Amino acid sequence: MPFIPHTEDDVHDMLQRIGVGSLDDLFDEIPDNLRAPPLSGIPEGSPEMEVTRLMQERAARDGTPLNFIGAGAYEHHIPAAVWQIATRGEFYSAYTPYQAEASQGTLQLIYEYQTMISRLTGMEVSNASLYDGASALAEAVLMAVRINRRSKSNRILVPGALHPAYRNVVRSIVGNQGIELVELPWDTRRGAVDPERLKAYDQEDITALVISQPNFFGILEDVDGLTRWAEGRGVPVVAVVNPVSLALLKPPGEWGERGADVVVGEGQPLGAPLSSGGPYYGFMATRREHIRQMPGRIVGRTEDADGRSGFVLTLQAREQHIRRSKATSNICTNQGLVVTASTIHMALLGDVGLTRVAEACWSNTRALSERLAAVGITPRFEADHFHEMVFDFGTGAVDTVARMSGQGVLAGHLLDADYPDLRNCVLACATETKTDADLDRFVDTLKQARAA
């Protein structure tokens, strides 16, 4: 999309046309005590060529390390066609259109996106996406409270092995709304929630159960056992899933006897680069019976008076435009540009391609584990995994990881800050982007770092 700057003469002419003396006069209704002071320490503007050179030099400082860090954001191969198409003028927008009749292409794309997410999760409906995975979970918790009106406790069971950032975001958003998050401990041997531990809540008023699959440690939870416990007590289930893993694993819509009630997750693995942490987007899907409680928008397909197919905003449950106080949510939005990339990404890969990606991820992580076992480093947990594993690096793990980073290998995510019991443990991930040579380099660099 072209950038068309306004010259000083352009600005002067526009201000003169509307009868305003300066840009400041446009905001004269704002009291002086509420205005931000001028920015200090900001240098004068530079020519585009100089700024581009500066940014290239700073980007080069990061280098191109071999990355084995996952922990919620994953390095996957993105076909060149994905962003070549997504950045075309027809799609290059960050928001859902309000004038649907003028945005048929965008609406059709979102409709296709919703269809793909519904198929992937095994659910009946999907919205047009949310900010990110963490805030999507917060929305799902609020949604579960609305669904389970029989419960008066507003107590949500949340696994301790759920992503720490997700737990923090959910706590920040719902903590002041009378909702209590009750943390479920993970089994120290398996690294997952033991369904037997839920029996302690049999006689308690529980509003909803959150299940993470795979969990933050990369471990596969006993989703059927956990879901059946919830079903037997009329407790809604909120699933937090990695979309790539669903190409191999049972979809949440088939967990237990009836499946999960709400499914959320981070859409970044589907065509979005790591990009220093964003922008990403969150996805959400649910059962048809809960559709009125789902925040955001739903795009539908219909026909006009002449029988021609068209796409419309079928449902906007939040009603933010006219009844904000009664809205299901006032923070949800659609990260349209990244959703566009994800839709193109999924369409290009198809069912078979996405399955091959997931299989390669699982295989590479297993191969990394076997190589590490040969040098005395074993997985911390015994349960099955997807494409991340926790490894016990032994004493001095922090220094070892730092030395490996200095050699251009990012070994993984140190867990001690969030999980003191896992001191010297590293969460490592090997996606389909890693080759045998990459895995060998990881081990060789590790041995050098430990010998230093």
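Since this is a predicted model, take the numbers as computed values, not measurements. FYI, side chains are in, hydrogens and waters are out, and symmetry mates aren't considered; it's all heavy atoms of this structure. Sequence positions, counted from 1, serve as the residue numbers for this chain.
More than 12 heavy atoms of other residues, nucleotides or ligands lie within 6.0 Å of CD in Q177, so this atom counts as buried by the packing criterion. Counting non-hydrogen atoms of neighbouring residues, nucleotides and ligands closer than 6.0 angstrom, the CZ atom of R356 reaches no more than 12 such neighbours. The 12-atom threshold is exceeded at CZ of R441, counting heavy atoms of other residues, nucleotides or ligands nearer than 6.0 Å. The neighbour count for R228 CZ, taken as heavy atoms of other residues, nucleotides or ligands under 6.0 Å away, is above 12. Within a 6.0 Å radius of CG in D62, other residues, nucleotides and ligands contribute more than 12 heavy atoms.
In this structure, R258 and R287 have side chains that are in contact, with non-hydrogen atoms separated by less than 4.5 Å. At least one side-chain heavy atom of Y281 sits under 4.5 Å from a side-chain heavy atom of Y113. You'll find the side chain of I377 reaches within 4.5 Å of the side chain of R450, heavy atoms only. For the pair V264 and F283, the minimum side-chain heavy-atom distance is 4.5 Å or more. For the pair V443/L372, a side-chain contact is recorded, criterion being any heavy-atom separation below 4.5 Å from C-beta on. For the pair Y166 and V158, the minimum side-chain heavy-atom distance is 4.5 Å or more. The side-chain heavy atoms of P269 and N242, taken from C-beta on, include a pair separated by under 4.5 Å. Looking at heavy atoms from C-beta onward, L315 lies out of side-chain contact with R297 at the 4.5 angstrom threshold.
H163 places a side-chain N or O within donor-acceptor distance of the main-chain N or O of A71, the cut-off being under 3.5 Å. S342 contributes a side-chain N or O that, together with a main-chain N or O of L270, makes up a donor-acceptor pair within less than 3.5 Å. Judged purely by atom type and a 3.5 angstrom limit, T227 has no side-chain atom pairing as donor or acceptor with the backbone of G256. Judged by distance alone, with hydrogens and angles left aside, the side-chain atoms of W83 form a donor-acceptor pair with the main-chain N or O of G271 at under 3.5 Å. When atom types are taken as modelled, the side chain of S126 and the backbone of A285 share no donor-acceptor pair closer than 3.5 angstrom. In this structure a side-chain-to-backbone donor-acceptor pair under 3.5 Å is missing from Q335 to S129. For the pair N148 (side chain) and T207 (backbone), a donor-acceptor distance under 3.5 Å is present. A donor-acceptor contact shorter than 3.5 Å links the side chain of T115 to the backbone of Y111. With hydrogens and angles ignored, the 3.5 Å screen pairs a side-chain donor or acceptor of D261 with a backbone N or O of V237. At distances below 3.5 Å, at least one donor-acceptor pair connects side-chain atoms of T431 with backbone N or O atoms of E75.
Residues P79 and L348 share a closest heavy-atom pair of CB-CD1, 4.2 Å. Residues V193 and P195 come closest through the heavy atom pair O-CD, 3.3 Å. Of all non-hydrogen atoms in S151 and D205, the two that sit nearest each other are OG-OD1, 2.8 Å. Residues Q213 and E221 come closest through the heavy atom pair OE1-N, 2.7 Å. Contact detail for A138 and I173: the closest heavy-atom pair is CB-CD1, 3.6 Å. The two atoms that bring I156 and V145 nearest to each other are CD1-CG2, 4.2 Å, heavy atoms only.
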Tell me, with the steps shown, if L422 and R380 meet side chain to side chain contact (heavy atoms under 4.5 Å, CB included).
CA-CA 9 Å; L422 296 178; R380 174 62 176 76; 3.7 Å; yes

After noting the C-alpha distance and the side-chain angles of V210 and V240, does the key distance pass the side chain to side chain contact (heavy atoms under 4.5 Å, CB included) rule?
CA-CA 7 Å; V210 175; V240 184; 3.9 Å; yes

CA sep, side-chain torsions, deciding dist, call: M116, L120, side chain to side chain contact (heavy atoms under 4.5 Å, CB included):
CA-CA 6 Å; M116 293 177 184; L120 202 57; over 6 Å; no

Audit row: Q114, N127, side chain to side chain contact (heavy atoms under 4.5 Å, CB included) steps and yes/no:
CA-CA 6 Å; Q114 293 171 171; N127 69 7; 5.7 Å; no

Show your working on salt bridge (charged side-chain N to carboxylate O under 4.0 Å, His left out) between E204 and R155 and close with a plain yes or no.
CA-CA 10 Å; E204 297 189 24; R155 300 180 73 205; 2.4 Å; yes

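Residue pairs meeting the side-chain hydrogen bond (donor to acceptor under 3.5 Å, both in side chains) criterion with at least one partner in residues 263-278, sequence neighbours excluded, are absent. Applying the side-chain hydrogen bond (donor to acceptor under 3.5 Å, both in side chains) test to pairs two or more places apart or on separate chains, those with a residue in residues 363-379 are R371-D440. The side-chain hydrogen bond (donor to acceptor under 3.5 Å, both in side chains) pairs that include a residue from residues 392-420 are R167-Y419, where partners are two or more places apart or lie in different chains.
A side-chain donor from one of W229 and D202 sits under 3.5 Å from a side-chain acceptor of the other. Residues D438 and T435 have side chains that bring a donor and an acceptor to within less than 3.5 angstrom of each other.
Taken to the nearest 0.5 Å, the CZ atom of F91 stands 6.5 Å off from the OG1 atom of T106. One finds the CZ atom of F216 at 9.5 Å from the CG atom of L162 (value rounded to the nearest 0.5 Å). For the atom pair CG of L368 and CG of L439, the computed distance is 5.5 Å after rounding to the nearest 0.5 Å. One finds the CG atom of L410 at 4.5 Å from the CD1 atom of I69 (value rounded to the nearest 0.5 Å). Rounding to the nearest 0.5 Å places CD1 of I110 at 11.5 Å from CD of E112. Distance check: L107 CG to R301 CZ gives 13.0 Å after rounding to the nearest 0.5 Å.
With sequence neighbours excluded, the residues that form a side chain to side chain contact (heavy atoms under 4.5 Å, CB included) with V426 are F393, V401, L414. Taking the side chain to side chain contact (heavy atoms under 4.5 Å, CB included) definition, one finds that D421 meets it with nothing, sequence neighbours left out. Applying the side chain to side chain contact (heavy atoms under 4.5 Å, CB included) test to A358 and every residue at least two apart in sequence or in another chain returns V244, A247, L248, F386.
Separation of the F442 and F68 ring centroids falls under the 6.0 Å cut-off.
In this structure, R190 does not pair ionically with E382, as no charged nitrogen and carboxylate oxygen lie closer than 4.0 Å. A salt bridge links R119 with D351: the closest approach of a Lys/Arg side-chain nitrogen to an acidic carboxylate oxygen falls below 4.0 angstrom.
Partner of Y74 under the side-chain hydrogen bond (donor to acceptor under 3.5 Å, both in side chains) criterion, out of H387, E432, E388: E388 alone.
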